[in-house]
Amino acid sequence: MSRLRTLKPRAQAALIVAAVLGRGRSLSAELDAYQGLERPLVQNLTFGVMRTLGGLQSVLDGLLQKPLKAKDLDIRCLLLLGLYQLFGMRVPDHAAIGETAEAARDLGKTWAVGLVNGLLRNAQRGREKWQQQFEQAQASRSHPEWLVRRLQTAWPESYRDIIAANDAHPPFWIRINRRRTSREAYAQTLEPADIVAREGQHAPDALRLEQPLAVDRLPGFSDGLVSVQDAAAQLAATLLAPGKSERILDACAAPGGKTGHLLEICSDCKLLALDSAADRLVRIKQNLTRLGLTAQIRQGDASRPQDWWDRQPFDHILLDAPCSATGVIRRHPDIRWLRKNQDIDALTNTQAAILRALWPLLRPGGRLLYATCSILPEENHLQLAKFLDETGDAIERPLPGTWGRAMPVGRQILPGEDDMDGFYYACLSKSDTHPS
Ligand SMILES: C[S@@+](CC[C@H](N)C(=O)[O-])C[C@H]1O[C@@H](n2cnc3c(N)ncnc32)[C@H](O)[C@@H]1O
């Protein structure tokens, strides 16, 4: 990644797109690793290409006279970026063509300068035809077929709206730290900077800003007055609503968005923030430090409590399970290309194993909140229905609120509904009268 710092933005963007498409890397992780000054442009270009890849690939394949070699994926990505600037972004043609072609030199492939220049000029000359092809292909290929099939089966009435929501730009939600301020007071601090904020309808600490902002422009961000978090994700802490001094397990906690909110609601709770990814634990620590909160943070596999549990039951468990993330495609447009159909079975097996393993850790009368940012029934209400069937002392508790839609078990928000991300929640309590 250090090579990226010295490259011009279009060359940097091409390498990032190539890392996602060629090596299955996450777009956000690649962008986080790149802290250069041109980050806004690089982000716009790479997010745009991921969002419109279906349309762009179709135009590129129509324009390329012969396919590029696999080792020239960076040049293919550069061409996609050039086409995105012409058809998706409407950058002036001289910049879209000239600077994109020059980026091939930056990538150490001088031979490709002419190819990029010529292909983009052809696209420009046939603009009307290629723009039409881009739009048609984008309409029919903005998601892989397996995902469209799953969405159509799960949501026959709504799948087109889901796809449109996934292709749109996400809103910018923040969470005020209720220990330090209120929504009203914080919204007033935004007014002098002409930042318009609206209160979230369902999440009591949520404000939606009319325009996205760099976090360092949010008053008090570094002092922990506010965090960036979608309103749907903010429902978790208020649904679990821990009481004073309770013992809470946040089982899949990194990077700690919900951990921070739980502790803002209940700072004297004894919270164990667990995650299996050692390299993500540092993000929990950073988030809590910024918010002035503390938790026990440790690495561990939630499906193997024998490795980390001290045998003291928990009053409540938040299981924000690893999932397909199909509810947050608008925030992470690369997800649709990185996920594969066969991943869904593997994910549902992991979720079931974690649920089963954590249930004995809950005290009788305690509550487990199951959450995913998925909109696939297999990971959500079907998963929970199966668990309730096989677990004698698990009882579903109704979830308060009018958000999303009631499912046979739990509630589901589809992406874009009330401006929120796609999320699923179900709350279970452990009866104290039946054995497990
Ligand atoms: C949806 S993310 C959690 C987001 C987090 N709760 C938040 O609000 O910021 C799921 C997390 O589960 C973790 N994970 C995956 N498998 C796990 C396992 N078997 N045990 C514990 N954590 C796991 C991943 O590393 C990832 O950080």
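Indexing begins at 1, ligand by ligand and atom by atom, following the structure's order. As the structure is a computational prediction, the values presented were derived from the model and not from experiment. All heavy atoms count here, side chains included; hydrogens, waters and symmetry mates do not.
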Any donor-acceptor N/O pair, R10 side chain to A103 backbone, under 3.5 Å: no
Please state which part of I354 comes within less than 4.0 Å of ligand 1, counting heavy atoms only: side chain, backbone, both or neither. side chain
Report the nearest protein non-hydrogen atom to atom 12 (O) of ligand 1: residue, atom name, distance rounded to 0.1 Å. C252 CB, 3.2 Å
Per-atom filter on ligand 1: closer than 4.0 angstrom to a heavy atom of R280 are 25 (O), 26 (C), 27 (O)
For atom 18 (C) of ligand 1, the option (of S276, A277, S303) bearing the nearest heavy atom: S276
Side chain to side chain donor-acceptor pair (under 3.5 Å) assessment of T348 paired with Q383: CA-CA 7 Å; T348 54; Q383 178 77 274; 5.2 Å; no
Please say whether the positively charged group of K340, taken as NZ for Lys or CZ for Arg, lies over the ring of W146, i.e. under 6.0 angstrom from the six-membered ring centre and within 45 degrees of the axis. no
Judged by atom type as modelled, is there a donor-acceptor pair below 3.5 Å linking the side chain of D250 to the main-chain atoms of K258? no
Answer with side chain, backbone, both or neither: which part of A236 has a heavy atom less than 4.0 angstrom from an atom of ligand 1? neither
Do E379 side-chain atoms and I375 backbone N/O form a donor-acceptor pair below 3.5 Å? no
For D301, take its heavy atoms, then give the atoms of ligand 1 lying under 4.0 Å from any of them. 18 (C), 19 (N), 20 (N)
Looking only at distances, can you tell me whether any N or O atom of A321, backbone or side chain, sits closer than 3.5 Å to an N or O atom of ligand 1? no
Looking only at protein heavy atoms, what sits closest to atom 9 (O) of ligand 1 is G257 N, 2.9 Å
Start with the C-alpha gap between R39 and Q12, add the side-chain angles, then the distance that decides, and say whether side chain to side chain donor-acceptor pair (under 3.5 Å) holds. CA-CA 10 Å; R39 178 161 166 150; Q12 286 160 348; over 6 Å; no
Establish, for the pair R290 and F221, whether the NZ or CZ atom is under 6.0 angstrom from the six-membered ring centre and no further than 45 degrees off its axis. yes
Where is the nearest protein heavy atom to atom 2 (S) of ligand 1: which residue, which atom, and how far? A254 O, 3.9 Å
What atoms in ligand 1 come closer than 4.0 Å to a heavy atom of P322? 15 (C), 16 (N)
State whether the side chain of R175 and the backbone N or O of S227 hold a donor-acceptor pair below 3.5 Å, judged by distance alone. no
With heavy-atom distances below 4.0 Å as the criterion, list the atoms of ligand 1 near A302. 18 (C), 19 (N), 20 (N), 21 (C)
Taking the six-membered ring of F314 as reference, does the NZ or CZ atom of R247 fall below 6.0 Å from its centre and within a 45° cone about the axis? yes
Proximal candidate to atom 1 (C) of ligand 1 [heavy atom criterion; set D275, I284, D320]: D320
Tell me the contacting part of A325 for ligand 1: side chain, backbone, both, or neither, using a 4.0 Å heavy-atom threshold, strictly below. neither
Would K258 count as being in polar contact with ligand 1, using the rule that some N or O on each side must be under 3.5 angstrom apart? yes
For ligand 1, is G300 a contact, meaning one of its heavy atoms is under 4.0 Å away? yes
Is a side-chain donor-acceptor pair under 3.5 Å present for D161 with W155? no
Which ligand 1 atoms, with their elements, are less than 4.0 angstrom from a heavy-atom of A251? 21 (C), 22 (N)
